[in-house]
Amino acid sequence: MKIADIETFTNEFVCFVKVTTDEGSVGWGQVAPYFADITAQVLHRQVAPYALGKSAIDIEDLMETIPEKEHKFPGSYLRRAMGGLDTALWDLRGRIEEKPVCALIGGAPGPFRAYASSMKRDITPKDEAARLSALRDEYGFDAFKFRIGAECGRGADEWPGRSEEIVQMMRGAMPDDVALLVDANSCYAPAQAIEIGKLLQDNGIGHFEEPCPYWEYQQTKQVTDALTIDVTGGEQDCELQNWRQMIDMKIVDIVQPDICYLGGLTRTLKVAEMADLAGLPCTPHCANLSMVTLFTMHLLRAIPNAGKYLEFSIEREDYYPWQDDLFVESPYDIVDGNATVTDAPGWGVEINPTWLETASHQISSTRN
């Protein structure tokens, strides 16, 4: 069974990938969001030439071959494009075998605990506490992540005193059995991160994400070694050799690969396995409700070192207007704080035909 066609349907933010074999089987995947139209061009120029005519089942070989063929172009865009092909091929295989992807990788359908993930820093601590409390009451979330510092802020806060105020306010607003997580998005130098980390520990926060510039591994390592709170990170890292270094050196306590940024499910499984061998949990990054959260749900239902929860974005039209109407039926219902992987084949979702009709379309094919 050979790959005959690779199609992309894209706008600036989202790019879905359709793979069709010479026997007519079809699978759907997605590249990473943001500048997705650029990634679509990379897919057709630097990924499709090595995939067309090749086996649609031997996904691992393709994910190893493409970086070798394009060795002059390591980095994010190529990996994002690879992820579109990889996830479409996993869907294709699931549809052929009539199994959900999680079952193909050793897991089973079912629920998984989610944490409500806020993306906002322009919200006051009081309003954020009220917003998250309402979600707890409506959907049963018992874990929440909120933002501290400023993104890549060089030590600055979004406004003076916000981080200290929101940490204390969130702990006061939530029962002790509710898990609280924070994300600093590469804000702090080590000394400041350690000082903030002690405040987090004193207020029962359990997860300190990306405290230092993510590319400065030794800075993050200083924070990890100095604190008892779990220091986490890795969402931006897309090279397997960097992941080996991070895991071998125990740069973080919890690894957070992003399936779309890293280059697909196949490569993420490798990172999860490396982490498992090192005794590290895997709580992937999936910060929007395109297909990346669905990919992550399937992964977490299968790997032995799955972290405590699934990241689940709470942002809607005012923050991510491009999330609207992507699917015929949303796969993202939260019941009692849990998301659920169904037993539908592949990823178990159907892309909205109306959305596809309005997208820019391109095809690479063996039939031309």
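The shown structure was predicted, so the numbers you read here are calculated from the model rather than taken from an experiment.
- For the residue pair E151 and S186, no side-chain donor N or O sits within less than 3.5 Å of a side-chain acceptor on the partner.
- Between T293 and C286, the closest heavy-atom pair is OG1-O, 3.5 Å.
- Grouping the Ile, Leu, Val, Met, Phe, Trp and Tyr side chains by contacts below 4.5 angstrom, directly or via other members, places I303 apart from I254.
- In summary, R131 and E315 engage in a salt bridge, as defined by a charged side-chain N under 4.0 Å from a carboxylate O.
- With F295 as the fixed residue, the side-chain contact (heavy atoms from CB on, under 4.5 Å) test singles out one of D258, I259, L265: I259.
- Under the 3.5 Å distance criterion, the side-chain polar atoms of N11 are matched with a main-chain donor or acceptor of F13.
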- Task: For I194 and L227, run side chain to side chain contact (heavy atoms under 4.5 Å, CB included): C-alpha distance rounded to whole Å, both residues' side-chain angles, the deciding distance at 0.1 Å, then the answer.
- Result: CA-CA 7 Å; I194 291 168; L227 298 174; 4.2 Å; yes
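- Remark: the backbone N or O of S163 is paired with a side-chain donor or acceptor of D157 at under 3.5 angstrom.
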- Task: Give the C-alpha distance, both sets of side-chain angles, the deciding distance and a yes or no for side chain to side chain donor-acceptor pair (under 3.5 Å) between Y217 and D237.
- Result: CA-CA 11 Å; Y217 292 169; D237 290 281; 2.5 Å; yes
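- Note that the OH atom of Y188 and the CZ atom of F208 stand 6.0 Å from one another [nearest 0.5 Å].
- When the shell of 6.0 Å around CD of E329 is examined, it contains 12 or fewer heavy atoms from other residues, nucleotides or ligands.
- Judged purely by atom type and a 3.5 angstrom limit, Q222 has no side-chain atom pairing as donor or acceptor with the backbone of P190.
- With T8 as reference, H44 is the one residue of H361, Q41, Q30, H44 to meet the side chain to side chain donor-acceptor pair (under 3.5 Å) rule.
- Remark: the N288 side chain and the S313 side chain contain no N/O donor-acceptor pair separated by less than 3.5 Å.
- The shortest heavy-atom contact between C212 and A193 is SG-CB, 4.1 Å.
- Atom-to-atom distance recorded for M297:CE and W347:CH2 is 11.0 Å, nearest 0.5 angstrom.
- Among the candidates T232, D230, D253, T283, the single residue satisfying the side chain to side chain donor-acceptor pair (under 3.5 Å) test with H207 is T232.
- A donor atom on one side chain and an acceptor atom on the other are found under 3.5 Å apart for Q46 and E70.
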- Message: Does F9 form a side chain to side chain contact (heavy atoms under 4.5 Å, CB included) with K18? I'd like the steps, not just the answer.
- Response: CA-CA 8 Å; F9 301 81; K18 179 183 180 183; 4.1 Å; yes
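- No side-chain heavy atom of F112 sits less than 4.5 Å from a side-chain heavy atom of V341.
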- Message: Go through it in stages, so that I can follow the logic: the residues are D202 and K198, the test is salt bridge (charged side-chain N to carboxylate O under 4.0 Å, His left out), and I'd like the CA-CA distance, side-chain angles, deciding distance and then a yes or no.
- Response: CA-CA 6 Å; D202 291 344; K198 290 177 180 177; over 6 Å; no
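- With R121 contributing its side chain and I148 its backbone, the two residues share a donor-acceptor pair below 3.5 Å.
- At most 12 heavy atoms of other shown residues, nucleotides or ligands fall within 6.0 angstrom of atom NZ in K308.
- In this structure, a donor-acceptor pair under 3.5 Å is absent between the side chains of E7 and Q362.
- Under 4.0 Å is where a charged nitrogen must lie from a carboxylate oxygen, and between D142 and R113 at least one such pair does.
- Contact of the V255 side chain with the M246 side chain is not registered, since no non-hydrogen atoms from C-beta on lie closer than 4.5 Å.
- Remark: R267 does not engage D86 in a salt bridge, criterion side-chain N to carboxylate O under 4.0 Å.
- Within 6.0 Å of the NZ atom in K221, the count of heavy atoms belonging to other residues, nucleotides or ligands exceeds 12.
- Using modelled atom types, one finds no donor on one side chain facing an acceptor on the other under 3.5 Å when comparing Q323 with S290.
- No side-chain donor from either of T266 and E60 sits under 3.5 Å from a side-chain acceptor of the other.
- A donor-acceptor pair is defined here as one N or O able to donate and one able to accept, closer than 3.5 Å; no such pair exists between the side chain of D276 and the backbone of A272.
- Checking Y115 against K145 by side-chain atom types alone, a donor-acceptor pair falls below 3.5 Å.
- For CD of E216, the number of neighbouring non-hydrogen atoms (other residues, nucleotides, ligands) closer than 6.0 Å is greater than 12.
- In this structure, F16 has its ring center under 6.0 Å from that of W355.
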- When you look at I6 and I363, which way does the side chain to side chain contact (heavy atoms under 4.5 Å, CB included) test go after all the steps? CA-CA 6 Å; I6 300 174; I363 183 168; over 6 Å; no
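- The pair D91-R95 meets the salt-bridge criterion, since a charged nitrogen lies less than 4.0 angstrom from a carboxylate oxygen.
- Within a 6.0 Å sphere centred on CD of E195, heavy atoms belonging to other residues, nucleotides or ligands number 12 at most.
- Grouping the Ile, Leu, Val, Met, Phe, Trp and Tyr side chains by contacts below 4.5 angstrom, directly or via other members, places M249 with V271.
- The OG1 atom of T340 lies 6.5 Å from the CG atom of N338; values are rounded to the nearest 0.5 Å.
- Using the six-membered ring where Trp is involved, Y34 and W322 have ring planes that are perpendicular, over 60° apart on the 30 and 60° scheme.
- There is a path of hydrophobic side-chain contacts, each under 4.5 Å, that joins Y319 to V14.
- More than 12 heavy-atom neighbours from other residues, nucleotides or ligands sit within 6.0 angstrom of CG on D318.
- Classification of R147 and D183 as a salt-bridged pair holds, one side-chain N sitting under 4.0 Å from a carboxylate O.
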- Task: Decide side chain to side chain contact (heavy atoms under 4.5 Å, CB included) for M170 and L132; before the verdict, give the C-alpha distance in whole Å, the side-chain angles of both, and the deciding distance to 0.1 Å.
- Result: CA-CA 9 Å; M170 285 298 304; L132 300 187; 3.4 Å; yes
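- More than 12 heavy atoms of other residues, nucleotides or ligands sit less than 6.0 Å from atom CZ of R316.
- Hydrophobic clustering places W28 together with L62 (ILVMFWY residues linked when any side-chain heavy atoms are closer than 4.5 Å, directly or through intermediates).
- Here L43 contributes atom CG and T10 contributes atom OG1; the two are 10.0 Å apart, rounded to the nearest 0.5 Å.
- A distance of 12.0 Å separates CZ in F146 from CD1 in I123, rounded to the nearest 0.5 Å.
- Here the side chain of Q192 pairs a donor or acceptor atom with the backbone of G155 at under 3.5 angstrom.
- Side-chain atoms of Y139 do not come within 3.5 Å of backbone N or O of A116 as any donor-acceptor pair.
- For the atom pair L52 CG and R367 CZ, the distance stands at 10.0 Å (nearest 0.5 Å).
- Put simply, the side chain of D22 gets close to the backbone of K2: a donor and an acceptor are under 3.5 Å apart.
- D137 places no side-chain N or O within 3.5 Å of a backbone atom of L135 that could act as its donor or acceptor partner.
- Between A143 and Y309, the shortest heavy-atom distance links the atoms CB-CD2, 3.8 Å.
- Hydrophobic cluster membership is shared by Y77 and M63, with clusters built from Ile, Leu, Val, Met, Phe, Trp and Tyr side chains linked at under 4.5 angstrom.
- Around the CZ atom of F327, the shell of radius 6.0 Å holds more than 12 heavy atoms that belong to other residues, nucleotides or ligands.
- Using a distance-only test at 3.5 Å, with no hydrogens or angles considered, no donor-acceptor pair links the side chain of S25 to the main chain of T21.
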